[in-house]
Amino acid sequence: MTAYLVRRLFQALVTVFMVTVISFGLMQLMPGGPVRAILGARATPTTIQHLTHQMGLDRPVYVQYWNWLDGLLHGNLGFDYAQQRPVSDLLFNALGASAFIVGAALVLALLIAVPVGMAQAIKRNSALDHGFTVFSFVAYGVPTFFLGFLIQQWFEDDLKWVSVQNQVSTFGDALSNPEAVVLPVLTLTITTVAGYSRYMRSGVLDQITQEYVRTAKAKGASSRRTLYAHVLRNALIPMVTLVGLSLPVLVGGSLIVEYVFNIQGIGLLTTRAAQQNDYSITLAATLLTAVVTVVGSLIADLSYAVLDPRVRLA
């Protein structure tokens, strides 16, 4: 297990390093430039030249990359000249709001999808199975922004049960104002449950037809013990992979929900930065997405290895 862990950590570090090289190179190819975006169209050549030198953009690309990487290794993600704030502060605040919403949605989705998927598999082709299948297809097929607008219309405008007027921009905002985040969490939960429950149903159906299940029953194990002691563990393996790879949603996948419910999260921050040629925030957000993706994949692989010893021996 130790050798497997070291190998996977090394692969993760190489992947993140390659992402920094490619991302930095792509930023140089973006049209326009951050200086012009910050100063506006009426900036004088002298002003542009001064800020370009101040930001270090008049140096060779490899020198800019080395300076950026050196700062990154020392915990410095750069400085956003447009907002006059460190990039790390902007990113940390925005990430908190996104993490709260998507994290709550993931937990709720798992608590619902696992038992629902198991129930569908056990009662295959029953009314319950058909009912949740229809729900899953509809929830999965409806665009997230449309579902968000519908939920907002029903619960906020028609029923007036909740209000999302207060702006949520940090983890503390979301924690202190749960009424403002309940609808975005509900929207993400519905779309996530639709996919997770289908995976869980397929996983359980695949396992209950295996030879070891028939052997366990032949030895006198009850259906409940066979299900929870044997089938569930193996059926959760693909779910672990799925959940691990869902972590990048924390960074960018909730963009639509953030837009609909006015959540100042990481998705909105990154989109606005890209539109304004703000290299520092775009690069930091890209790196953060890559790190979260690699960490999510690493967690999934390690969990997979724990659940199935054949993986770490391969």
Side-chain angles (χ1 to χ4, degrees), residues 1-12 15 102-141 188-250 253 292-314:
M1 186 64 183
T2 302
Y4 178 79
L5 177 62
V6 171
R7 187 169 68 248
R8 288 293 293 112
L9 285 174
F10 178 73
Q11 292 173 348
T15 302
V102 181
L106 281 176
V107 171
L108 288 175
L110 283 174
L111 292 176
I112 297 172
V114 170
V116 166
M118 291 178 64
Q120 284 186 267
I122 295 169
K123 299 184 180 299
R124 186 184 182 187
N125 294 327
S126 65
L128 181 143
D129 184 26
H130 292 313
F132 276 113
T133 297
V134 171
F135 163 79
S136 299
F137 285 146
V138 172
Y140 206 73
L188 283 180
T189 300
I190 291 175
T191 56
T192 308
V193 163
Y196 282 9
S197 63
R198 298 303 297 170
Y199 269 88
M200 195 63 201
R201 178 183 182 275
S202 299
V204 174
L205 280 177
D206 180 60
Q207 293 301 319
I208 59 178
T209 58
Q210 297 294 319
E211 188 67 31
Y212 76 88
V213 174
R214 288 194 288 270
T215 302
K217 290 183 177 178
K219 289 183 176 180
S222 65
S223 297
R224 180 181 295 273
R225 176 174 173 74
T226 303
L227 179 64
Y228 289 103
H230 302 288
V231 172
L232 179 60
R233 175 173 177 172
N234 291 322
L236 284 175
I237 291 177
M239 285 292 293
V240 168
T241 304
L242 186 64
V243 173
L245 296 179
S246 297
L247 289 180
V249 177
L250 286 168
V292 173
T293 303
V294 169
V295 169
S297 177
L298 185 62
I299 292 174
D301 287 349
L302 295 178
S303 302
Y304 208 105
V306 171
L307 293 171
D308 188 351
R310 293 173 299 178
V311 174
R312 59 175 180 263
L313 295 176

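Keep in mind the model is a prediction, meaning the values are calculated, not measured.
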Please step through side chain to side chain contact (heavy atoms under 4.5 Å, CB included) for the pair D129 and K123, ending with a clear verdict. CA-CA 6 Å; D129 184 26; K123 299 184 180 299; 5.6 Å; no
Could you tell me which non-hydrogen atom of A235 sits nearest to which non-hydrogen atom of M200, and how far apart they are? CB-CE, 4.1 Å
Going by atom types only, do T209 and R214 share a side-chain donor-acceptor pair under 3.5 Å? no
Minimal non-hydrogen separation, A139 against I190, with atom names: CB-CG2, 3.8 Å
Does Y228 have more than 12 heavy atoms from other residues, nucleotides or ligands lying within 6.0 Å of its OH? no
To the nearest 0.5 Å, what is the distance between CG on L298 and OG1 on T293? 12.5 Å
Reported CD-to-CG distance for the pair Q120 and N125, which is rounded to 0.5 angstrom: 11.0 Å
Rounded to the nearest 0.5 Å, what separates atom OG1 in T226 from atom CG in L232? 12.5 Å
What is the minimum heavy-atom distance between M239 and Y196, and which atoms define it? SD-O, 3.6 Å
Non-hydrogen atoms of S197 and S136 that approach each other most closely: OG-OG, 3.4 Å
Trace of the side chain to side chain contact (heavy atoms under 4.5 Å, CB included) decision for V116 with R201: CA-CA 8 Å; V116 166; R201 178 183 182 275; over 6 Å; no
Test applied, side-chain contact (heavy atoms from CB on, under 4.5 Å); reference residue, V231; option that passes from Q210, Q207, M118: Q207
T191 side chain vs L188 backbone, donor-acceptor pair below 3.5 Å: yes
Which atom names give the shortest non-hydrogen contact between A12 and V294, and what distance separates them? CB-CG1, 3.2 Å
Nearest heavy-atom approach of V243 to L110 is CG2-CD2, 3.7 Å
More than 12 heavy atoms from other groups under 6.0 Å of CZ on F135: yes
Indicate yes or no: at least one non-hydrogen side-chain atom of T189 is less than 4.5 angstrom from one of I112. yes
Measure the spacing between CD of Q11 and CG of L9 and express it to the nearest 0.5 Å. 9.5 Å
